[in-house]
Amino acid sequence: MPSDPSAHPVPAGSYATSRLSHVPDNGLDWATVVLRCAQMAQADAWAMAHGQPGVVLMERAGAGVVQALTARWLPCPVWVWCGPGNNGGDGWVIARLLEAAGWPQVSVACDSPIESLQGDAAHHAQRWRQARLSRAASADVHTLDQALQAIAVQRAHAQGRSGPHSPAVLVVDALFGAGLSRPLDEKVHAALAQLATWRTGDATSTPGCVQVVAVDVPSGLHGDTAHGLADQTVPCPADLTVTFMAPKPAHMLMHGRALMGDLVVHDIGLPLAALQAVAAQAQPVGLWRRNTPVVWGHAWQAPRRGGHKYHRGHVLVWSGPRMPGASRLAARAAARIGAGLVTLAMTRTAWPHLAGHLMSAMAHPLADESADALCADWRALLASRRWNAIVLGPGAMLGLPEPQADTLRTLVLDALATEVPLVLDADALMAFEGHPQLLCQALNDRHREGAPPSVVLTPHEGEFNRLFGDLVRAEAGQAQATAGDPGKFERTRLSAAMAGAVVLHKGADTVLAAPDGRVMLHDDAPPWLSTGGSGDVLAGFIAGLMAQGVDAWHAACGAAWVHGQCGHRFGPGLLADDLPEQVPGVLRRLWGVPPQ
Ligand SMILES: NC(=O)C1=CN([C@@H]2O[C@H](COP(=O)(O)OP(=O)(O)OC[C@H]3O[C@@H](n4cnc5c(N)ncnc54)[C@H](O)[C@@H]3O)[C@@H](O)[C@H]2O)[C@@H](O)CC1
Ligand SMILES: Nc1ncnc2c1ncn2[C@@H]1O[C@H](COP(=O)(O)OP(=O)(O)O)[C@@H](O)[C@H]1O
Ligand SMILES: [K+]
């Protein structure tokens, strides 16, 4: 247990430096998990039951906030807004420690009388009061209304004299954290909304004149869903958020993440055993994890000495005539990540545009005078040899006279009727819009209970909602008493369970889920990845790994990681075409292959 708590910034995704093929799947540690609020409370409770008093943990939590805060800002007037629970408890510690550190103007606002506070929060409120009295200073506690009036005055006096590191007023939001159990009262919401207006700047003040530090989460944000309760808006974003031990979904999922400002995860010294106890309760599938090679490295081997291209699998990529670039990107990505052979199946109309551009990949033309002819040719191709993985979706639209979606659905169902591992992306998913049950049925028919899943669906948020939105809402409504968005983790988990497939739900906050309930967050992806065709490359990476024998879950997690690393390596100005070209460097580092 560290006695000197340290802070580490998020994302903390890092390369492993040694060969990963021997690392077990369960490399559990605080830096690799995302904990729900109830699980964090379990870990706290475990530590308290095993000799770590709550007041000590709270002291460390407050100290962590002070450490992060003093590293960023010069001494300036501070208001600490304390709520009625332990989030407020942290606030009392922060106020006391800031004063002890010599910050000259620290004021506290709390709408609950000190005498009404309970437990650890009551203890620290009393310590704050005693510290004040021992210095013969006033131990007055203000209401939020009084705080707002005072901040308005401080703000006005400081016009033009504040800067990024010395705001006119710094407000510590210690109102509500993990214990938020109902929407904010109107009065509290309005107070935070006023603060938000001052923070962003208005007619009378400059942006940054008032800055905000959130303890655990910005108040009103639910830690599990990354939204306000019952669709309430979260009134005041923060400039800095300090949470403890492990991020919660709200710190990682969009909306929530956008409200955090800089995020620090502070170690308050809970032992690994506390996490292991929480993980034991989360069996059989375990905790929600952050995507690092530790989690999937064992499932994915470097090419072996003496192997040949057939050991590395043959990927079949479907290509429609409208956007042939998409399927070419997927094909190149599959080859770069290690598939031994890649064949593009393309309609005869696409042949002239595509075939001449292929170098290492092979091409197979399909009849396209009618939907029936196309489907028959596709079935024959599927049956013609032992494919190791299929990608269907990037640039899949057909350009036939018949209704597109009907034919595309047939092509997908034909592919699903084989046992070949499959990635379904983009158009192949949208062909089932309005018919999600049809897709789920076919996937479940194929998925054998207990066997590893062999299909990966890769919708982005829009595709996810159009395909699964109604099903997931209905399922979440049945599963949960609380109304409102269950959050991206839960939505993705539900969709994978319904579909009997791995779902890789793309975005700045990619979430992956397997039918057995495993859930993974991929948070280490740079914004340069939001460029046309980047998803096509990802689909190719997944198929390329599956072709090499990696199961669908580990292939999806590994591919998302490689995708993110490729984005990091190239940096700004990235085009999707650049991504596969970064793979050699990423793999070299992953496998510890020495530089040439
Ligand atoms: N030992 C621990 O348990 C630790 C807890 N820590 C802090 O404790 C926080 C969690 O504490 P709590 O579980 O007490 O939760 P909170 O302090 O977030 O809030 C719970 C209190 O607020 C009330 N409440 C909830 N929603 C409300 C609303 N909308 N309006 C008015 N009242 C509302 C609840 O009835 C309860 O009294 C964490 O966010 C973290 O800041 C840290 O000190 C680390 C250690
Ligand atoms: N802001 C972002 N930060 C990180 N990754 C992102 C961001 N926006 C998108 N991505 C990633 O980029 C890829 C885009 O895929 P997709 O939306 O299917 O694009 P396309 O259809 O053009 O290929 C996905 O892997 C997604 O997770
Ligand atoms: K808070």
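Only a predicted model underlies this, so the values are computations on that prediction, with no experimental measurement involved. Atoms considered below: every heavy atom in the structure, side chains included; atoms not considered: hydrogens, waters and symmetry mates. First listed ligand is number 1; within each ligand, the first listed atom is number 1.
- Any N or O atom pair closer than 3.5 Å counts here, and T510 shares at least one such pair with ligand 2.
- Residue contacts with ligand 1 for D44 involve side-chain atoms from C-beta outward but no N, CA, C or O (heavy atoms, distance under 4.0 Å).
- Residue L538 has no N or O atom closer than 3.5 Å to an N or O atom of ligand 2.
- Using a non-hydrogen distance threshold of 4.0 Å, A426 does not register as a contact of ligand 2.
- Between the K ion (ligand 3) and A174 there is no N/O/S contact shorter than 3.4 Å.
- Looking only at protein heavy atoms, the nearest one to atom 1 (N) of ligand 2 is A508 CB, 3.5 Å.
- Across every non-hydrogen atom of A191 and L144, the tightest pair is CB-CD1, 4.4 Å.
- Taking atom 9 (C) of ligand 1 as the reference point, the nearest protein heavy-atom neighbour is N87 N, 3.5 Å.
- In A61, the part holding a heavy atom less than 4.0 Å from any atom of ligand 1 is the side chain.
- One of the N, O or S atoms belonging to D173 lies under 3.4 Å away from the K ion (ligand 3).
- Within the 4.0 Å heavy-atom criterion, both parts of D536, backbone and side chain, lie near ligand 2.
- Proximity of A45 to ligand 1, defined as any heavy-atom pair under 4.0 Å, is not found for any part of the residue.
- Checking each of D509, D524, D523 against R290 for a salt bridge (charged side-chain N to carboxylate O under 4.0 Å, His left out) leaves exactly one that passes, namely D523.
- The shortest N/O to N/O separation between G177 and ligand 1 falls below 3.5 Å.
- Every residue two or more places apart in sequence or in another chain that forms a side-chain hydrogen bond (donor to acceptor under 3.5 Å, both in side chains) with D425 is listed here: T458, K506.
- In this structure, R127 forms no cation-pi arrangement with W92, as its terminal cationic atom is not both closer than 6.0 Å to the ring centre and no more than 45° off the ring axis.
- What sits closest to atom 35 (O) of ligand 1 on the protein, heavy atoms only, is S181 OG, 4.4 Å.
- The H460 neighbourhood of ligand 2 comprises atoms 17 (O), 18 (O), with distances under 4.0 Å to a heavy atom of that residue.
- At least one N, O or S atom of V217 sits under 3.4 Å from the K ion (ligand 3).
- In this structure, atom 41 (O) of ligand 1 lies nearest to the protein heavy atom D90 OD2, 2.6 Å.
- The shortest contact between atom 39 (O) of ligand 1 and any protein heavy atom is with D216 OD2, 2.5 Å.
- Considering only non-hydrogen atoms, atom 5 (N) of ligand 2 lies nearest to P526 out of S534, G564, G535, P526.
- In terms of protein heavy-atom proximity, atom 8 (O) of ligand 1 is nearest to N86 CB, 3.0 Å.
- Distances from the K ion (ligand 3) show that F176 has an N/O/S atom below 3.4 Å.
- With ligand atoms numbered from 1 in the order given, ligand 1 contributes 1 (N), 2 (C), 3 (O) to contacts under 4.0 Å with heavy atoms of M48.
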